[in-house]
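Notes follow once the structure below has been shown.
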Number of protein chains: 2
Amino acid sequence: MGNKEQTFQKIIEVAYVMFAEKGFEKTSLAMIAAEVGISKPAIYYYFQSKDQLITYLFDELYKVIQQDVAVDYKELSRVNFKEELLELGYKSIEAQGKDPYFNKIFNQYVLLAARDESYKKQLVELETSFLTSFVEVLQYGVELGVLEDTPTIEAKAQMLALVYDNIGNFMLTGNQLDYRAIWKEAVHSVIQGGEDGNKR
Amino acid sequence: MGNKEQTFQKIIEVAYVMFAEKGFEKTSLAMIAAEVGISKPAIYYYFQSKDQLITYLFDELYKVIQQDVAVDYKELSRVNFKEELLELGYKSIEAQGKDPYFNKIFNQYVLLAARDESYKKQLVELETSFLTSFVEVLQYGVELGVLEDTPTIEAKAQMLALVYDNIGNFMLTGNQLDYRAIWKEAVHSVIQGGEDGNKR
DNA sequence: GTCTATACCGTGATAGAC
DNA sequence: GTCTATCACGGTATAGAC
């Protein structure tokens, strides 16, 4: 309703897209203001500084990611555990093509985190819950009986998570690989069971 | 010898460190000049622009990485193939702590590549030879007879490469994980052979 | 309460003197 | 080969219009 809400929202949306496309530093407040249709200092009515606008966007992303990262695994079933885990990766690979903004902007925050403690703290939190959810998935697989309960189950899960995550990074650089095959290999290596026998 | 050589070299060294520590955009030419002990416009005698200085540093990195990426694998032997492959990863993990500059600066180029075609081109080249060398390692393992020759050997190698690479990224964010265990798991999953039997 | 006009200083960049 | 002077543009602060 309020004009204020509208302007605020528009600044955020415009900033998100421009930051993703051109990067934080090459996107000036004047450009954002022009696109929104206000004057440059007007942004300072809503945000104390450019840095604060950048931080605000990160906090928004932070919330979204936290939710996205946590859920899914309870829906995995005993019968098709492996296939469903594969599907999780395939979906992510496809989503990558759909929202090119997300990874471009997220990677910039990774960079900032290398020099800014508060970003660093939040990023490590995200990574931790990201990794944790993979551990939970595999432990769930153990519960279901489709996975052996080895002492290295945590390392296995983290390896899987690193592959999952880095597929996104490589896609970002435009490298054309058979990502589905890579993901399949990773899942397969963690769950040698399935159709193969894995008795000792 | 020449003063020219000296100044040039000093600019490069100072810029490399400052770019890594503060980032490209937050490092001004004035700061570099002050640290080198010259005036700001003097830098323009050696470089046409700030961007060109950044590009020059990348070209240097590019050469170094190309060499680092290509070599090693011929030294792997039949008897200790797995252990030596493990050692390769361990060394990289340790090196990460030694040269904090490298990854910080390299990641910035990854970001630039998302918006700049020429960086993108070179980066994809580096990634490609990086991935290729992992494929070669595993194919060498097949030759040695320590690895089965499966059709998925390429995907296996790329998976291994993604893990190897992303360990570096996660270390950068300051996340404290048992990276050696993760690497061990990755290598193990690719070479189930070794002491285990893997007959079908 | 919502914004514009204006001015300040630091930045990358250029021209020209020494 | 290096500096001084100068420029346009960037983020930022404030005064004040409505």
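The side chain of I38(A) sits closest to dT4(C) out of dT4(C), dC3(D), dG12(C). When distances run from any side-chain atom of A42(B) to the nucleotides dA13(C), dC3(D), dT4(C), the shortest one goes to dC3(D). Minimum atom distance to the side chain of K50(A) is reached by dT12(D), of the listed dT11(C), dT12(D), dA13(C). Residue P41(B) places its side chain closer to dT4(D) than to any other of dT4(D), dG12(C), dT12(D).
A donor-acceptor contact under 3.5 angstrom links the side chains of E84(B) and S77(B), judged on distance only. Of the N and O atoms on the side chains of D178(A) and Q158(B), not one donor lies less than 3.5 Å from an acceptor on the other residue.
Interface remark: the K40(B) side chain does form a donor-acceptor pair with the dG12(C) base, using a distance-only criterion of under 3.5 Å.
Taking a cutoff of 4.0 Å between a charged side-chain nitrogen and a carboxylate oxygen, R180(A) and E94(A) qualify as a salt bridge.
Applying a 4.0 Å cut-off to non-hydrogen atoms, the residues of residues 19-29 of chain A that approach DNA chain D are T27(A), S28(A), L29(A), listed by residue number.
Atom CG in L53(B) sits roughly 16 Å away from atom P in dT11(C) (whole-Å rounding). Taking atom CD1 of I43(A) as the reference point, atom P of dA13(D) lies 14 Å away to the nearest angstrom. To the nearest angstrom, C1' of dC8(C) lies 13 Å from OH of Y44(A). Here the P atom of nucleotide dT14(C) and the CZ atom of F47(B) are 15 Å apart, to the nearest Å. Following rounding to the nearest Å, F8(B) (CZ) and dT2(D) (P) show an atom-to-atom distance of 13 Å.
OP1 or OP2 of dT2(D) lies within a sub-4.0 Å distance of a side-chain N or O belonging to T7(B). The side chain of Y45(A) contributes no N or O atom lying less than 4.0 Å from OP1 or OP2 of dT4(C).
Once rounded to the nearest 0.5 Å, the distance linking CG of L138(A) with NZ of K156(A) reads 9.0 Å.
The local environment of NZ in K184(B) is sparse, with at most 12 non-hydrogen atoms from other residues, nucleotides or ligands closer than 6.0 Å.
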Go through Y62(B) and F106(B) one step at a time and tell me if the ring-ring contact (aromatic ring centres under 6.0 Å, His included) criterion holds. CA-CA 10 Å; Y62(B) 179 78; F106(B) 189 77; over 10 Å; no
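Contacts of Y46(B) with the nucleic acid, taken as non-hydrogen atoms under 4.0 Å apart, involve only primed sugar atoms and P, OP1 or OP2.
Note: Y119(B) and Y109(B) have tilted aromatic rings, judged against thresholds of 30 and 60 degrees for the angle between ring planes.
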